[in-house]
Trainee: 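Shown below is the structure under consideration.
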2 protein chains.
Amino acid sequence: MLKYEKIALLIEESIVENNLNHGSRLPNFKELIETYHVSKSTIVKALDLLEKRGIIYQIQGSGVFVRRKKRKGYINFSENQGFTADLGEFDITSKVLELSEVIPPLEVREHLSLDDKESVYYVKRIRYINSQVLCIEESYYNKTIIPYLNVEIAEHSIFDYCKTALKLNISFSDKYIHVIKLNKDESDLLELKEGDPGLLIDELFYLSSGEAFDFSKTIYHYVNSQFFLQSTKIYS
Amino acid sequence: MLKYEKIALLIEESIVENNLNHGSRLPNFKELIETYHVSKSTIVKALDLLEKRGIIYQIQGSGVFVRRKKRKGYINFSENQGFTADLGEFDITSKVLELSEVIPPLEVREHLSLDDKESVYYVKRIRYINSQVLCIEESYYNKTIIPYLNVEIAEHSIFDYCKTALKLNISFSDKYIHVIKLNKDESDLLELKEGDPGLLIDELFYLSSGEAFDFSKTIYHYVNSQFFLQSTKIYS
DNA sequence: GAGTGGTCTAGACCACTGT
DNA sequence: CAGTGGTCTAGACCACTCT
């Protein structure tokens, strides 16, 4: 683990331990430098990381302050490591409806940059959050990158398998978000009625190499899912 | 404008000018340093900024590459500067339904950290995207921070007014996202039917001082709105 | 004006990629 | 192992806030 990541973690822990509220001020740079025995730039990087994660905000000339969210029980929308990363807050399980090798539709081929006749792994799952239906998910995996997949893996976490067994580095993703009316098939699976609302998310996942390896269409249950998104200033 | 922001802008412009595709490689550090006559750290900061904005991705030991989105016509979900920031891509207009001073409901008081009897500006608007109904928005503004507001301002951009006239620095926001069924009032305003889907977003906006100054409830038209969200790796 | 965070530099050294 | 990006340092200087 890098130095600035470690410092970030330690600072985050100190916030949790001391149970600091929104607006609480952290020690100044001089103190942080002395406490952690690192240079100023390392503190700067650590704090930038915490700011990116929405844990603090910095005010030039004033100080560094704790940022707190006001509501609990929301799925973090900017995470792209799958739900399993949401350590313990939610209990996510999956039921595999289908796992096969198929020639995907055009839309998927384009997103994954595949040839006409290249087949992919197709996985259709229902995912549950604390034993309630959360979403239905259809995923297409580039077989060049994911050469093997089975039901047992898909029942647990495919992303964990990619990371640990295949040593893949999932790095960034693009989400395309729509609200839709469910058709018969979809509503049956979600235990809802035809015409009920649903949140449709098309997501394209990239490895750190920049290659797209997974395209997923997910429809969320409109009652059992709610999302949280923190924005930080990007443009001045 | 800061040096690294300027460099970021120049690099972005060079990507646009040369019409570089996804995966195209940028010049290496040495060349960038020479081209822009700055130190390595400044290049690092500029590239970090572009990565945060989803314009490039960096691979250690390999290079810096262009990141391109695959679809157009989606509203950027991680922007928190209002739509007006989406320079030209969309034409956003507003119709003011109500503008008054009220004692807000409990939920709003909590979010804005207000006293029992503190009044706020309440604004209800319909917003249009390219002349189609985009959303209905109910906003509550802390009067201590926004001491004056009128219909003319609300018809244009309240955020622009905050930034330019009041010199406020809007810095970050929290979004809480739900999918709902519309009730009669909501569907009438959105020109839809009762029971149709809607995307409800509660958003709390903060100044760079860390003070919450605006709480908004927005319901988006499920056909006329679609959103885009780029994720970047936050946790290793 | 004192104190705080933010930028920028030059350079040493580390870590990863690709051949 | 050459080449590329990433980390880390020490220190000068800048910009903002608060009182």
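Sequence lines set the chain letters: A, B, ... in the order given, protein chains first and strands last, and positions in each chain run from 1. Every value quoted in this text rests on a predicted model; they were computed, and no experiment measured them.
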Trainee: Can you check the Glu34(B) CD to dT4(D) P distance for me, whole Å?
Mentor: 12 Å
Trainee: Assign each of Pro27(A) and Ile59(B) to its nearest nucleotide of DNA chain C by heavy atoms, then name whichever residue's nucleotide is nearer the 5' end.
Mentor: Pro27(A)
Trainee: From dG6(C), dC8(C), dG5(D), pick the nucleotide closest to the side chain of Tyr4(B)?
Mentor: dC8(C)
Trainee: With a 6.0 Å cut-off on the ring centroids, do His111(B) and Phe205(B) count as close?
Mentor: no
Trainee: Go through dT7(C), dT17(C), dT9(D) for me and flag the one nearest to the Val44(A) side chain.
Mentor: dT7(C)
Trainee: Tell me whether the OP1 or OP2 atom of dT17(D) has a side-chain N or O from Gln60(A) closer than 4.0 Å.
Mentor: no
Trainee: Find which nucleotide of DNA chain C each of Ser41(A) and Ser62(A) is nearest to by heavy atoms, and output the residue with the more 5' nucleotide.
Mentor: Ser62(A)
Trainee: Mind running ring-ring contact (aromatic ring centres under 6.0 Å, His included) on Tyr206(B) and Phe213(B) for me, showing each step along the way?
Mentor: CA-CA 6 Å; Tyr206(B) 294 87; Phe213(B) 80 104; 8.9 Å; no
Trainee: Please assess Phe77(A) against Phe227(A) for the test ring-ring contact (aromatic ring centres under 6.0 Å, His included), listing each intermediate value before the final yes or no.
Mentor: CA-CA 6 Å; Phe77(A) 217 163; Phe227(A) 300 89; 4.8 Å; yes
Trainee: Classify the side chain of Lys40(B) and the base of dG5(D) as holding, or not holding, a donor-acceptor pair under 3.5 Å.
Mentor: no
Trainee: Nearest-Å distance, CD1 (Ile43(B)) to P (dT4(D))?
Mentor: 15 Å
Trainee: Round to the nearest Å and state the distance from Lys3(A) atom NZ to dA15(C) atom P.
Mentor: 12 Å
Trainee: What nucleotide among dT4(C), dT17(D), dT17(C) has an atom nearest to a side-chain atom of Arg25(A)?
Mentor: dT4(C)
